[in-house]
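This report refers to the structure that appears directly beneath it.
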2 protein chains.
Amino acid sequence: MQNSFTEENYLKIIHALSGREGVEVSTNALAESTSTRAASVTDMLRKLADKGLIHYKKYQGVTLTESGEKVAIKVIRKHRLWEVFLVEKLGFGWDEVHDIAEELEHIPSEVLVEKLDTYLGHPKFDPHGDPIPDAKGNLTEPDYLILTDVHVGEKVLMMGVLDHAPSFLQHLDRSGITLGAVIEVKEINEYDKSASVQINGGPTLFISLEVSKNLLVQRR
Amino acid sequence: MQNSFTEENYLKIIHALSGREGVEVSTNALAESTSTRAASVTDMLRKLADKGLIHYKKYQGVTLTESGEKVAIKVIRKHRLWEVFLVEKLGFGWDEVHDIAEELEHIPSEVLVEKLDTYLGHPKFDPHGDPIPDAKGNLTEPDYLILTDVHVGEKVLMMGVLDHAPSFLQHLDRSGITLGAVIEVKEINEYDKSASVQINGGPTLFISLEVSKNLLVQRR
DNA sequence: ATATATTTTTAGGTTAGTCTAAATTTTTTA
DNA sequence: TAAAAAATTTAGACTAACCTAAAAATATAT
Ligand SMILES: [Mn+2]
Ligand SMILES: [Mn+2]
Ligand SMILES: [Mn+2]
Ligand SMILES: [Mn+2]
């Protein structure tokens, strides 16, 4: 039996909220993320449990089964590959592709995904720095730092974002903070944790804690 | 209000069955094409009529309104552009792309379609020789001949197919009959209208009336 | 011009996914 | 540890898109 568009979205969201440790996800958290009501979530959870895609005990929250995890990762693979296509081939900005990929990720053909992957040169990361699962379903989250964990004087590489909102990505564009940029932390203000950073050895700019909290970086 | 996946399919099918002259399409014909029952079609027709997308008088068949026509042509544009993408960029065969395009044609973003079109170099025809509507919604069906209308001794260019079934397209592949091939009619058998044709000045082969009826060609 | 056959519509129901309101369970607080 | 608050589930209902069976309209044949 094929999974519906809606079921795939639930699985993907459970995967995201469950995190690497596979913690239980609450009904309310799912209602929030799916923009539905808790009662609707409960209905869907019963269905996903019946299909063997989630572990569900009433009032106890849910986690993905192995089979649910597999489906979720396939959807994530498609989402991220399509985002690469949209940016690399069609020339979209990284702030424009999420909603379109949200639709494309549900196109069912396996062979399509594999041909797309080949066409794109088997990319390992999407335009936001998120890792792309391989064809076998292996997804390894690199362990990046958040910029707030970086000390004054350190130079790090910009590797990804936590917030994917267009407004945030556009803000980064205007600041010249792109994937791969070298960020040197020049100063951190004790008062509000805002920071002064130098980008690619060029201009120095101030960024708020809000921005720092959403930047994934790596020591070199 | 956005049109649903299902509504778009109805409009596209009404467009196809209605033809260039815009003849009325019957409930049964739509039931056949949509693989649903006549009663379901009636339900949908009432809905499409309420939305102003079709002209509908009970028992009298339907035609598209201008606004319905516009929607149908947009869907056709997307379908055919995606087919070009799948064949030209991803390396699918022309016999493999229809079902995938059937899904991709419902992805909503306007800007996506236009960027895709640009990326593909504004193609005028899809892999089956069908014309691609332009961004303004102009769709001009070239008036090709059917191979059955070609006389012995004439040389014509293969321009398209009427049957889009994978089995038919694969049969053409095996026969070396591709878009743009030169077909010279060497002989027509009176008994069953099967024909002997020469492809690109090379091999001569026999084709049945069934095949001839589905080949669109052009005099040079 | 009837009678018969065909087509189409209506009537009444189903399923997926959603909702609000009420009941129940779990968690937190006093 | 009992009361209050919060989270979750249940009950009952809605819409979109489908279905079968029956009724009504149109087309065809005698
Ligand atoms: Mn995304
Ligand atoms: Mn992404
Ligand atoms: Mn097609
Ligand atoms: Mn085509």
Side-chain angles (χ1 to χ4, degrees), chain A residues 1-15 17-19 23-64 68 71-72 75 102-103 105-108, chain B residues 1-15 17-19 23-64 68 71-72 75 102-103 105-108:
Chain A
M1 226 119 304
Q2 266 281 111
N3 302 301
S4 73
F5 191 107
T6 308
E7 288 167 344
E8 288 189 347
N9 279 334
Y10 269 84
L11 295 173
K12 197 182 55 156
I13 291 169
I14 293 168
H15 177 94
L17 297 180
S18 199
V23 302
E24 262 100 47
V25 178
S26 75
T27 299
N28 265 357
L30 285 169
E32 169 79 30
S33 288
T34 55
S35 302
T36 62
R37 301 311 185 123
S40 310
V41 172
T42 300
D43 285 347
M44 180 57 76
L45 294 184
R46 217 173 43 66
K47 192 173 22 149
L48 293 173
D50 288 348
K51 288 180 114 182
L53 296 165
I54 59 173
H55 299 292
Y56 174 50
K57 279 207 200 81
K58 278 204 269 185
Y59 296 98
Q60 303 308 301
V62 296
T63 55
L64 294 176
V71 175
V75 176
E102 218 40 54
E103 309 274 337
E105 72 189 3
H106 303 292
I107 303 287
Chain B
M1 224 121 300
Q2 267 280 106
N3 303 301
S4 74
F5 191 106
T6 308
E7 288 167 343
E8 288 189 346
N9 278 334
Y10 269 84
L11 294 174
K12 197 181 55 156
I13 291 169
I14 293 168
H15 177 92
L17 297 180
S18 199
V23 301
E24 262 99 47
V25 177
S26 76
T27 298
N28 265 356
L30 285 169
E32 168 79 30
S33 288
T34 55
S35 302
T36 63
R37 299 313 183 122
S40 310
V41 172
T42 300
D43 285 348
M44 181 57 77
L45 294 184
R46 218 173 44 67
K47 193 175 20 151
L48 293 173
D50 287 349
K51 288 180 112 181
L53 296 165
I54 59 173
H55 298 291
Y56 174 49
K57 279 206 201 83
K58 277 205 270 187
Y59 295 101
Q60 304 306 303
V62 296
T63 55
L64 295 176
V71 175
V75 176
E102 223 32 61
E103 310 274 337
E105 73 188 4
H106 303 290
I107 303 288

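Note on naming: letters A, B, ... go to the chains in the order of the sequence lines (proteins, then strands), and numbering restarts at 1 for each one.
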Exercise. Is any side-chain N or O of B/Asn28 closer than 4.0 Å to OP1 or OP2 of C/dT6?
Worked result: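 Checking B/Asn28 against C/dT6: no side-chain N or O falls below 4.0 Å of OP1 or OP2.
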Exercise. Do any side-chain nitrogens or oxygens of A/Tyr56 fall under 4.0 Å of OP1 or OP2 in D/dT8?
Worked result: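 The answer is no; no side-chain N or O of A/Tyr56 sits under 4.0 Å from OP1 or OP2.
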Check the distance between [N]'s [atom2] and [X]'s [atom1] and give it to me in whole angstrom.
| X | N | atom1 | atom2 | value |
| --- | --- | --- | --- | --- |
| A/Tyr10 | C/dA16 | OH | P | 14 Å |
| B/Gln2 | D/dT15 | CD | C1' | 18 Å |
| A/Leu45 | C/dT18 | CG | C1' | 14 Å |
| A/Lys57 | D/dT9 | NZ | C1' | 17 Å |
| B/Arg46 | D/dT15 | CZ | P | 12 Å |
| B/Glu7 | D/dT15 | CD | P | 15 Å |
| A/Met44 | C/dC19 | CE | C1' | 14 Å |
| A/Glu32 | D/dT8 | CD | P | 12 Å |

Taking every non-hydrogen atom, the tightest pair across [X] and [Y]:
| X | Y | result |
| --- | --- | --- |
| A/Tyr56 | A/Ala49 | CB-CB, 3.9 Å |
| B/Ile54 | B/Leu45 | CD1-O, 3.4 Å |
| B/Lys51 | B/Glu7 | NZ-OE1, 2.8 Å |

Exercise. Nearest 0.5 Å, what's the CG-OG distance between A/Asn28 and A/Ser33?
Worked result: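 Going from the CG atom of A/Asn28 to the OG atom of A/Ser33 covers 10.5 Å.
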Problem set entry | Inter-residue atom distance B/His106.NE2 - B/Thr6.OG1, 0.5 Å rounding |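 Rounded to the nearest 0.5 Å, the NE2-OG1 separation comes to 8.0 Å.
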Exercise. So, A/Glu24 and A/Lys57, do they make that salt bridge, N to O below 4.0 Å?
Worked result: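 No, this pair does not count.
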Exercise. Across the strands shown, which category fits A/Thr27 at heavy-atom distances under 4.0 angstrom: base, sugar-phosphate, nothing?
Worked result: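 The residue A/Thr27 makes sugar-phosphate contact but no base contact.
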For this session: Classify every nucleotide of nucleotides 19-27 of chain D by which part a protein heavy atom approaches to under 4.0 Å, writing B for the base, S for the sugar-phosphate alone and - for neither, in 5'-to-3' order.
Result: BBB--BSS-
For this session: Report, as yes or no, whether the 6.0 Å neighbourhood of atom CD on B/Glu102 holds more than 12 heavy atoms from other residues, nucleotides or ligands.
Result: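 Above 12, so yes.
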